Amino acid sequence: MKILLVFAALVAAAGNQQLFVGDQVLRITARDEEQIALLRVLGQQAELQVDFWCDPTSPGHPSDLRVPFPSLPAVKIFLESHSISYSVMIEDVQELLDEEKKNMTKSRRTERSTSTFDFASYHTIEEIYDWMDVLVDDHPNLISKIQIGQSYENRPLYVLKFSTGGSNRPAIWLDTGIHSREWITQATGVWTANKIAEEYGQDPSVTAILDSMDIFFEIVTNPDGFAFTHSSNRLWRKTRSINAGSDCIGVDPNRNWDAGFGGSGSSSDPCSETYRGPYAHSESEVKAIVDFIRGHGNVKSVISIHSYSQMLLFPYGYKRGPAAHHQELNELAKKAVSDLAAMYGTKYTYGSIADTIYLADGTTIDWTYDNGVKYSFTFELRDTGRYGFLLPSTQIIPTATETWPALLDIMVHVLENPY
Amino acid sequence: AAMEVPLSHGLASRAAALATGYLCYRRGSPGRGLALRSLRRARREDIDDVGHKYYLELELEDVLDKDNTVNCTAEVLYHLGNKNTAPNVQFTLEGELKNTDEADNIFYNRIKSLEKELVAENIPDSHGNVPPEMEPIRLLAWVASGYVIWQNSTENTKFQLAQIKYVKQVKRSDEYLEFDYMILLHDMVSQEIIPWQMTVLWHPQHGVQVTQDSRQPKHA
């Protein structure tokens with residue numbers, strides 16, 4: 001539209017601090033040559049400072065005239081007294097300019113480039129989903145987005161697939177945000193997905209991993225809960241499914257897995273934060289992952305990321321005795337937390353879930369472990385309680401940065417220890 | 001006889017959190033909050049007919065000045081059976097805590113000279129932000145919550161202050177400052193978020209007192 005070109009000029013002028021407050025643009029249609037001549041005369045009146053956007057050329061064809069605010073009465077009287085018909089096309093030029101400027105800055109912000117995404121802020125679900133599409137666009141030969149199911153409230157469950165080819169390669173699964181209030185995890189997920197994309201072809205370990213394995217990364221594992229933490233209750237943990245016969249909503253997605261389901265390490269009360277659900281895999285968010293991992297058949301590692309407590313955990317949560325691979329998992333955890341601490345001195349403890357925090361049944365990694373995924377780990381990210389779930393956004397990048405070497409340790413070990 | 005407890009063990013970390021909360025209550029102020037830097041050693045003793053006793057060696061840090069640390073030994077006794085008796089906590093600090101008289105007095109005078117009672121909510125906010133002028137209000141809640149945590153802890157709980165939902169100053173004619181807080185406590189073991197009301201009194205020379213507190217019902 002021609003308007004846009006004129007606006008470009010006006011914006012440039014506005015850049016020189018010229019304001020157009022109250023100026024109007026009149027659309028004038030001259031009836032005959034006499035009126036055209038009159039309009040030209042009007043244009044020549046230096047003191048009026050009118051500005052033709054579209055010159056009056058021939059009768060019947062509209063011309064557009066920008067009139068500075070102080071000249072409006074004089075111009076309108078002139079037109080009316082000569083019976084030249086006009087209409088007000090733009091009521092206030094400055095208003096329109098301001099609006100336009102705002103839109104331009106907005107679109108600069110949502111400009112489609114991963115280099116402008118603010119990793120040091122917490123984001124909404126829409127922002128994260130938009131960014132995911134940008135990431136895929138930027139790395140079309142490495143990353144694709146798949147949908148593994150839908151949440152209770154019908155939000156898509158998206159997984160980023162990192163793959164350099166092959167067919168059903170051995171895979172590593174990562175998830176963040178299964179407990180929606182643990183905002184540092186979704187934020188770390190976004191940063192880490194970006195990091196993996198950046199480092200392929202640069203970092204030897206990442207390259208080696210992706211040259212023979214695939215990575216599946218679900219960043220917003222509990223989208224309904226996450227949306228609820230933004231809209232209503234920042235400290236919401238569970239899903240948002242309705243519980244029959246109860247006013248209380250939601251199931252703890254990390255007590256809903258079919259591993260020791262229904263024991264003392266979860267609750268039968270729908271109002272509880274650790275409510276296990278009516279039956280194992282009742283939650284569509286959980287079932288989607290179960291189906292995916294079963295269907296894939298070649299997942300070698302599952303790393304489920306939570307906060308807070310600064311711990312690296314492995315099975316079991318539903319019973320106290322050591323898992324069959326306790327020694328190996330323990331050694332790997334020890335190395336990973338040591339490399340994590342090397343970055344900023346952040347201290348993690350490690351061990352089985354049952355020993356290190358509490359008995360918990362129906363957890364993600366107990367199920368994956370009992371279903372053939374040997375390298376099953378849970379991270380509990382920063383901090384240890386000073387801010388807890390409300391971790392300041394200034395700690396997002398440090399947290400993600402220090403966790404990265406620990407993740408890499410696990411993934412490299414998985415690569416080097418095929419089974 | 002007391003047996004070593006692995007430092008990563010859940011029971012040890014709960015006892016350490018309780019001891020820290022108690023300590024913070026006894027020694028904290030709007031200018032000084034104490035947090036657990038690390039657990040150095042933990043031993044546990046089952047005392048027949050009495051309860052479970054933990055012997056702890058802790059390193060604490062000043063939340064406003066992370067490099068300021070102090071070592072501490074503590075004994076925590078969880079009483080058998082009687083859930084209405086708070087655990088018994090005793091501690092010994094090795095070394096001096098930073099003097100906070102100046103900061104405390106500045107805060108005291110600032111609040112005393114307010115025309116309208118202070119009111120605030122959601123500290124920290126959703127993004128973890130605490131406005132600098134609210135930091136002493138926040139620390140005061142941190143200190144006072146140490147009392148609530150101490151009074152309500154068992155071997156099966158691990159409480160932390162999650163957020164101040166609401167705080168309102170109550171003007172007094174005497175020298176004390178009084179604040180009415182609605183806080184959210186997070187229990188790591190049950191994962192519950194528990195609203196708790198507490199009335200807090202403070203004076204720079206008289207320390208922090210919780211004169212009233214009550215657990216609030218959870219929303220659906």
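We name chains A, B, ... by the order of the sequence lines, and we start the count at 1 in each one. Everything numeric in this text was worked out from a predicted model, so none of it was measured.
- Atom CD1 of B:Ile47 sits in a crowded spot, with more than 12 heavy atoms from other residues, nucleotides or ligands closer than 6.0 Å.
- In this structure, CG on A:Leu390 lies 11.5 Å from CD1 on B:Ile123, to the nearest 0.5 angstrom.
- In terms of heavy-atom pairs under 4.5 Å with chain A, the best-connected choice from B:Arg14, B:Arg138, B:Gln163 is B:Arg138.
- Here A:Thr384 contributes atom OG1 and B:Leu39 contributes atom CG; the two are 12.0 Å apart, rounded to the nearest 0.5 Å.
- Neither the backbone nor the side chain of A:Ser267 comes within contact range of chain B; no heavy atom of the residue lies under 4.5 Å from a heavy atom of that chain.
- Side-chain N or O atoms of B:Glu192 include one that pairs as donor or acceptor with a backbone N or O of A:Glu273 at under 3.5 Å.
- Two residues are said to be in side-chain contact when any heavy atoms from C-beta on lie closer than 4.5 Å; A:Arg181 and B:Ile193 meet this criterion.
- Only the side chain of A:Phe389 has a heavy atom closer than 4.5 Å to any heavy atom of chain B.
- In B:Arg26, the CZ atom is not crowded: 12 or fewer heavy atoms of neighbouring residues, nucleotides or ligands sit closer than 6.0 Å.
- Residue B:Ser126 touches chain A through both its backbone and its side chain, counting heavy-atom pairs closer than 4.5 Å.
- Note: A:Asp355 CG to B:His9 NE2 = 5.0 Å, rounded to the nearest 0.5 Å.
- Among A:Tyr348, A:Tyr122, A:Tyr350, the residue making the largest number of heavy-atom pairs under 4.5 Å with chain B is A:Tyr122.
- Between A:Leu235 and B:Leu184 the shortest side-chain heavy-atom distance falls below 4.5 Å.
- Once rounded to the nearest 0.5 Å, the distance linking CG of B:Leu161 with CZ of A:Arg386 reads 9.5 Å.
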Give the table of side-chain donor-acceptor pairs shorter than 3.5 Å for residues 87-97 of chain B, with sequence neighbours excluded, one pair per line with atom names and distance.
none

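- Between B:Ser8 and A:Thr356, the closest heavy-atom pair is O-CG2, 3.2 Å.
- Note: B:His127 and A:Tyr387 fail the aromatic proximity criterion, with ring centroids not under 6.0 Å apart.
- Closest of all the heavy-atom pairs between B:Gly128 and A:Pro392 is O-CG, 3.5 Å.
- Going from atom CD of B:Gln191 over to atom NE2 of A:His179 covers 7.0 Å, rounded to the nearest 0.5 Å.
- In this structure, chain A has no heavy atom under 4.5 Å from any part of B:Asn122.
- Nearest heavy-atom pair across B:Lys218 and A:Cys271 is NZ-O, 2.8 Å.
- A:Arg237 touches chain B through its side chain: at least one heavy atom from C-beta onward sits under 4.5 Å away, while N, CA, C and O do not.
- Considering only heavy atoms from C-beta on, A:Tyr358 stays 4.5 Å or farther from B:Lys158 through its side chain.
- Near-neighbour residues of residues 225-234 of chain A relative to chain B, defined by a heavy atom under 4.5 Å from a heavy atom of that chain, comprise A:Arg234.
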